[in-house]
Amino acid sequence: MSSIKITFPDGNIREYPAGTTALDIAKSISEGLARKVLVAKVNGEVRDAFRPINEDATLQLLSWEDKDGQAAFWHSSAHLMAEALESLFPGVKFGYGPPVENGFYYDVDLGGRKIGDEDLAKLEKKMTELAAQNNAYVRKEISKKDALDYFGKKGDEYKVETINELNEGEITFYQQGNFTDLCRGPHIPNTGFIKAVKLTNIAGAYWKGNENNKQLTRIYGVTFPKQKELDDYLKMLEEAKKRDHRKIGKELEIFAFDDDVGPGMPLWLPNGAIIIEQLEALAKKTEEAAGYHRVKTPHIARESMYLKSGHLPYYAESMFPPMSLLAESVKKAERPINKEEIKKELFAGDLTPEKIDAVFDQLLKAREDLPQDRYYLKSMNCPHHHKIFDAVPRSYKDLPLRLAEYGTCYRYEQSGELFGLMRVRSLNMNDAHIYCTEEQFASEFRAVNDMYLRYFKIFGIDKYVMRFSTHAPEKLGQKYVNEPELWKKTEDMVRRVLIDAQIPYIEVPDEAAFYGPKIDVQIWSVIGREFTLATNQVDFAQPLRFGLTYTTRNNQTETPICIHRAPLGTHERFIGFLIEHYAGNFPVWLSPRQVSILPIADRHVEYAKSVMEKLKAQRIRVMLDDTSEKIGKKIRDAEVKKIPYMLVIGDKEQQEGKVSVRKHGEGDKGQIAVDDFVLALSQEAAIP
RNA sequence: GCCGAUGUAGCUCAGUUGGCCAGAGCUACUGAUUUGUAAUCAGUGGGUCGGGGGUUCGAAUCCCUCCAUCGGCUCCA
């Protein structure tokens with residue numbers, strides 16, 4: 001028998017007989033190690049630890065501590081769940097069952113059977129039983145014909161479809177206990193590693209992620225090698241929930257929703273409005289320094305503008321339906337509506353939805369054949385800004401022209417998409433459009449990126465990913481404007497900027513806006529959902545469509561490039577993110593309430609008021625707790641409200657013209673003269 | 001929009017298999033207390049049980065429907 005050379009990560013080389021497995025090798029080192037090995041990286045490829053190695057190779061043994069080990073563990077757990085499902089629900093058919101970031105799922109077709117939360121408990125129990133059997137995962141290479149035969153007989157059309165997409169020679173089955181699955185692996189050695197099981201939720205998921213396909217039932221779960229790890233994980237989820245912006249937003253009276261206002265339409269309470277104002281103050285300060293001009297535009301616009309911009313064909317579905325008015329050209333005499341009649345009708349008796357329907361039906365019907373003038377709520381600011389560019393003749397001397405507006409936009413997001421402040425239907429974009437020449441593009445684009453980074457530093461945002469979205473050539477003319485050369489040119493420009501600035505990014509094809517490539521900054525909510533926080537987009541299409549031009553130095557006419565940028569995304573999403581990011585403990589400059597003054601007894605209230613006036617004079621957001629509570633209770637109230645500074649005032653402070661400073665979450669900081677505190681705080685409260 | 005779940009006072013939650021005027025704590029309000037670094041005591045108020053319809057002698061509880069929210073899917077200019 002020939003022997004093979006195995007190279008370990010530390011550079012050591014050892015010889016083993018050909019056909020030895022990673023598990024054997026682990027055992028040869030130590031039993032303890034062998035008990036931990038889940039899978040192995042052989043020549044850089046993650047494989048079953050129980051698969052024979054037949055040639056010289058580098059070897060890395062992977063355990064639960066390795067990402068790949070964890071993935072295999074959860075992948076194998078998905079198979080275990082499938083086995084449990086099959087034993088409890090005979091005839092169930094299987095789609096895909098991969099590991100995900102925090103566990104795994106399996107998409108199954110239960111044949112019209114309903115499954116609810118009660119069933120999950122049964123499944124968990126079954127999985128635990130099956131895991132305890134210590135069944136080995138067995139790999140088997142199989143011909144396409146035999147594979148089709150197996151799942152054909154079983155009647156699992158999803159597996160058959162998947163096999164048909166595979167090539168001969170790359171099909172493998174894995175079996176554990178009584179369950180066999182089509183799978184490319186790798187898997188852990190046996191089910192005995194799985195000690196703790198939690199099935200987290202049931203959801204619908206379309207087969208292959210396509211809305212037009214059948215919806216399967218997706219069951220999510222997570223497993224661990226130790227019960228304690230599961231307990232810790234569940235505890236961590238509980239902790240995360242406490243940071244949820246929906247919870248804190250309500251507690252701190254930042255925002256609210258109301259059925260009568262409508263889903264996805266946040267109401268900003270005074271505390272929330274302060275945060276918005278502070279963010280906007282920061283943005284204004286930053287943009288002013290960067291040469292931006294502020295503009296203001298209406299919330300609605302005529303249909304003609306969205307036809308021109310090209311948004312309507314692409315995005316009609318996600319805009320609120322239009323408001324139809326009679327065109328101005330319709331003569332008064334032709335108007336078939338008798339306002340007096342309608343008023344009479346509306347005011348007679350109770351106003352019911354049916355009655356309102358009838359009136360509007362009548363109005364619409366009467367207008368049916370007459371020329372209409374349709375208006376849309378704007379779902380983006382860019383067309384309005386293009387019109388501002390176009391309102392004045394422009395020359396190269398005006399460029400780059402940077403127009404900024406925190407305009408309110410309205411998007412008819414699907415009902416199931418709404419999510420606290422993170423996904424809403426009325427939103428304020430931190431928007432600006434930069435019109436520039438091709439030569440100016442790189443430095444402008446780069447400056448926008450620098451602005452992002454400056455903001456992220458201010459807020460201490462370090463967990464994010466820059467995502468560069470490019471077009472898919474085969475979808476030109478459908479999803480993307482049909483300008484192949486411009487696409488290539490601008491994508492190259494963006495890529496060059498990213499590389500030159502040494503900004504780490506990932507590139508994703510077929511994710512661009514219809515008018516050009518873009519960079520999105522992706523962040524995660526505390527629940528783990530991914531969102532686009534900021535966006536920076538190139539637009540070569542709309543300036544052309546709007547016929548925007550400027551006069552060059554040589555008296556020629558050129559079309560500018562446009563950069564759409566929103567470094568703080570929407571105020572809604574950004575504040576939702578910040579609430580979770582800070583867990584409601586805002587830095588002083590952002591905090592809706594900055595100081596709470598806590599007199600010990602009534603005789604200190606007058607002095608407390610004089611301190612309050614001094615702070616107010618510096619525009620500090622201060623409140624006075626003059627209730628007849630004990631100091632402990634006043635402190636507790638202020639702590640719960642997450643107010644950054646508490647000033648305790650008693651006899652000593654009053655006599656010496658001082659305050660006792662207590663910092664939220666930190667405790668007593670000792671005494672300080674009032675004027676010193678006011679000075680220090682007004683510095684801390686300044687817009688960064 | 002789709003699948004699954006949830007909806008009781010401002011908030012957090014109790015309300016057994018349908019059965020007296022639907023409860024608790026916190027909050028709010030009133031009074032007493034004048035207090036030194038995370039909850040003083042007492043009293044009072046507060047609910048169309050998400051909306052509508054149905055079954056029943058009787059519905060927070062069972063059924064239908066609509067709305068909203070939550071977990072996903074799809075979508076995300």
Side-chain angles (χ1 to χ4, degrees), chain A residues 100 105 107 110 114-117 119-120 200-220 241 244 246-247 250-251 253 256-260 262-264 306 309-311 314-315 317-319 353 378-383 409 411-420 422-423 429 431 469 511-516 518 520 527-532 535 537 539 542 564 566 573 598-605 627-640 646-653 660-670:
Chain A
V100 289
Y105 66 78
D107 286 345
L110 294 160
K114 292 240 169 176
I115 179 170
D117 288 346
D119 298 302
L120 292 186
T200 45
N201 57 54
I202 304 170
Y206 303 103
W207 171 233
K208 292 184 168 171
N210 186 331
E211 213 178 345
N212 302 315
N213 285 346
K214 181 164 180 178
Q215 188 160 49
L216 306 179
T217 303
R218 174 171 295 182
I219 305 174
Y220 280 89
K241 271 191 197 152
D244 193 315
R246 291 166 297 187
K247 183 174 157 61
K250 192 184 275 180
E251 286 167 356
E253 298 179 16
F257 289 95
D258 187 287
D259 277 5
D260 286 332
Y306 297 111
S309 73
H311 282 97
Y314 289 97
Y315 296 112
E317 266 182 42
S318 53
M319 292 175 76
K378 69 177 172 185
S379 60
M380 71 301 292
N381 301 305
C382 37
C409 297
R411 297 180 181 178
Y412 191 71
E413 303 285 2
Q414 297 186 70
S415 61
E417 276 312 324
L418 302 174
F419 179 76
M422 304 300 255
R423 194 77 180 269
M429 297 228 280
D431 213 0
S469 300
E511 292 276 321
F514 75 86
Y515 45 66
K518 60 175 180 174
D520 292 326
I527 303 293
R529 243 153 86 168
E530 180 176 345
F531 289 95
T532 298
T535 186
Q537 312 176 343
D539 182 357
Q542 289 193 58
H564 305 231
R573 187 173 292 178
L598 316 176
I600 300 277
D602 285 350
R603 64 178 178 279
H604 309 122
V605 168
T627 57
S628 60
E629 291 289 348
K630 299 212 286 198
I631 194 66
K633 167 71 167 164
K634 292 185 182 184
I635 286 171
R636 188 189 140 76
D637 285 348
E639 289 282 357
V640 168
M646 288 151 271
L647 301 182
V648 177
I649 287 172
D651 291 334
K652 279 178 282 179
E653 291 80 3
S660 279
V661 178
R662 183 188 163 101
K663 219 169 165 179
H664 168 62
E666 294 181 24
D668 196 352
K669 293 287 171 187

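To find a chain, count down the sequence lines: A is the first, B the second, and so on, and within it residues start at 1. All values derive from a computational prediction rather than experimental measurement.
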Nearest of [options] to any side-chain atom of [X]?
{"X": "A/Y515", "options": "B/A77, B/G71, B/A38", "value": "B/A77"}
{"X": "A/S660", "options": "B/G36, B/A68, B/G71", "value": "B/G36"}
{"X": "A/Q414", "options": "B/G36, B/U37, B/C75", "value": "B/C75"}
{"X": "A/K630", "options": "B/U35, B/A38, B/A77", "value": "B/U35"}

So, taking the atom named [atom1] in [X] and the one named [atom2] in [Y], what distance separates them when rounded to the nearest 0.5 Å?
{"X": "A/K378", "Y": "A/M319", "atom1": "NZ", "atom2": "CE", "result": "11.5 Å"}
{"X": "A/K518", "Y": "A/D539", "atom1": "NZ", "atom2": "CG", "result": "12.5 Å"}
{"X": "A/N381", "Y": "A/C409", "atom1": "CG", "atom2": "SG", "result": "4.0 Å"}
{"X": "A/K208", "Y": "A/K214", "atom1": "NZ", "atom2": "NZ", "result": "15.0 Å"}
{"X": "A/I219", "Y": "A/L120", "atom1": "CD1", "atom2": "CG", "result": "6.5 Å"}
{"X": "A/Q537", "Y": "A/D520", "atom1": "CD", "atom2": "CG", "result": "6.5 Å"}

Categorize [X] for me: base, sugar-phosphate, or nothing, with a 4.0 angstrom heavy-atom threshold over every strand shown.
{"X": "A/F419", "value": "sugar-phosphate"}
{"X": "A/G420", "value": "sugar-phosphate"}
{"X": "A/G632", "value": "sugar-phosphate"}
{"X": "A/T200", "value": "nothing"}
{"X": "A/G209", "value": "sugar-phosphate"}
{"X": "A/Y220", "value": "sugar-phosphate"}
{"X": "A/D637", "value": "nothing"}
{"X": "A/A205", "value": "sugar-phosphate"}

Find the distance [X]:[atom1] to [N]:[atom2] and express it as a whole number of Å.
{"X": "A/I635", "N": "B/U35", "atom1": "CD1", "atom2": "P", "answer": "15 Å"}
{"X": "A/H604", "N": "B/U35", "atom1": "NE2", "atom2": "P", "answer": "8 Å"}
{"X": "A/R218", "N": "B/G4", "atom1": "CZ", "atom2": "P", "answer": "15 Å"}
{"X": "A/I649", "N": "B/U35", "atom1": "CD1", "atom2": "C1'", "answer": "15 Å"}
{"X": "A/K250", "N": "B/A9", "atom1": "NZ", "atom2": "P", "answer": "11 Å"}
{"X": "A/D107", "N": "B/G71", "atom1": "CG", "atom2": "C1'", "answer": "15 Å"}
{"X": "A/D259", "N": "B/G52", "atom1": "CG", "atom2": "C1'", "answer": "15 Å"}
{"X": "A/I631", "N": "B/U33", "atom1": "CD1", "atom2": "C1'", "answer": "15 Å"}

Quick one: do A/L647 and A/V661 satisfy side chain to side chain contact (heavy atoms under 4.5 Å, CB included)? Show the steps, please.
CA-CA 5 Å; A/L647 301 182; A/V661 178; 3.9 Å; yes
If we take the [atom1] atom in both [N] and [M], what is their distance in whole Å?
{"N": "B/C11", "M": "B/U27", "atom1": "P", "value": "15 Å"}
{"N": "B/A22", "M": "B/U16", "atom1": "C1'", "value": "15 Å"}
{"N": "B/G19", "M": "B/C62", "atom1": "C1'", "value": "15 Å"}
{"N": "B/C73", "M": "B/U61", "atom1": "C1'", "value": "33 Å"}
{"N": "B/C67", "M": "B/U33", "atom1": "C1'", "value": "48 Å"}
{"N": "B/C66", "M": "B/A5", "atom1": "P", "value": "16 Å"}
{"N": "B/A14", "M": "B/G54", "atom1": "P", "value": "31 Å"}
{"N": "B/U8", "M": "B/C49", "atom1": "P", "value": "11 Å"}

With a cut-off of less than 4.0 Å, is there a side-chain N or O of [X] near OP1 or OP2 of [N]?
{"X": "A/K633", "N": "B/U27", "answer": "yes"}
{"X": "A/R603", "N": "B/U35", "answer": "yes"}
{"X": "A/S415", "N": "B/G1", "answer": "yes"}
{"X": "A/R246", "N": "B/C11", "answer": "no"}
{"X": "A/K518", "N": "B/A77", "answer": "yes"}

With distance as the sole test, does A/R423 use its side chain to make a donor-acceptor pair with the main-chain N or O of A/L418 at under 3.5 Å?
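Not at all, since once roles are kept as given, no pair shorter than 3.5 Å links the two residues.
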Look only at the side chain of A/R411 and the backbone of A/S318, and say whether a donor-acceptor pair between them is shorter than 3.5 Å.
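The answer is no, because no donor-acceptor pair under 3.5 Å joins these two groups.
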I'd like to know if [X] reaches the base of [N] with its side chain, counting only an N/O donor and acceptor under 3.5 Å.
{"X": "A/Y206", "N": "B/G1", "answer": "yes"}
{"X": "A/E653", "N": "B/G36", "answer": "yes"}
{"X": "A/S628", "N": "B/U33", "answer": "yes"}
{"X": "A/R423", "N": "B/C75", "answer": "yes"}

Using heavy-atom distances to pick each residue's nearest nucleotide on RNA chain B, tell me which of A/L216 and A/D602 is more 5'.
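This one resolves to A/L216.
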Identify, between A/S318 and A/E251, the residue whose nearest nucleotide on RNA chain B lies closer to the 5' end.
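Final value for this comparison: A/E251.
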Does the aromatic ring of A/Y315 sit over the six-membered base ring of B/A77, closer than 5.5 Å centre to centre and tilted less than 30°?
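Yes, A/Y315 stacks on the base of B/A77, since the ring centres sit under 5.5 Å apart and the planes are within 30°.
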In terms of relative ring orientation, are A/Y306 and A/H311 parallel, tilted or perpendicular, with 30° and 60° separating the classes?
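Rings of A/Y306 and A/H311: perpendicular, as their planes differ by over 60°.
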How does RNA chain B look in dot-bracket form if you count Watson-Crick and G-U pairs under 3.5 Å, write [ ] for pairs that cross, and put | where a base pairs with another strand?
(((((((..((((.....[...)))).(((((.......))))).....(((((..]....))))))))))))....
Side-chain contact test, heavy atoms from C-beta onward, threshold under 4.5 Å: evaluate it for A/K634 versus A/P599 and give yes or no.
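Of all side-chain heavy-atom pairs linking A/P599 with A/K634, at least one is under 4.5 Å.
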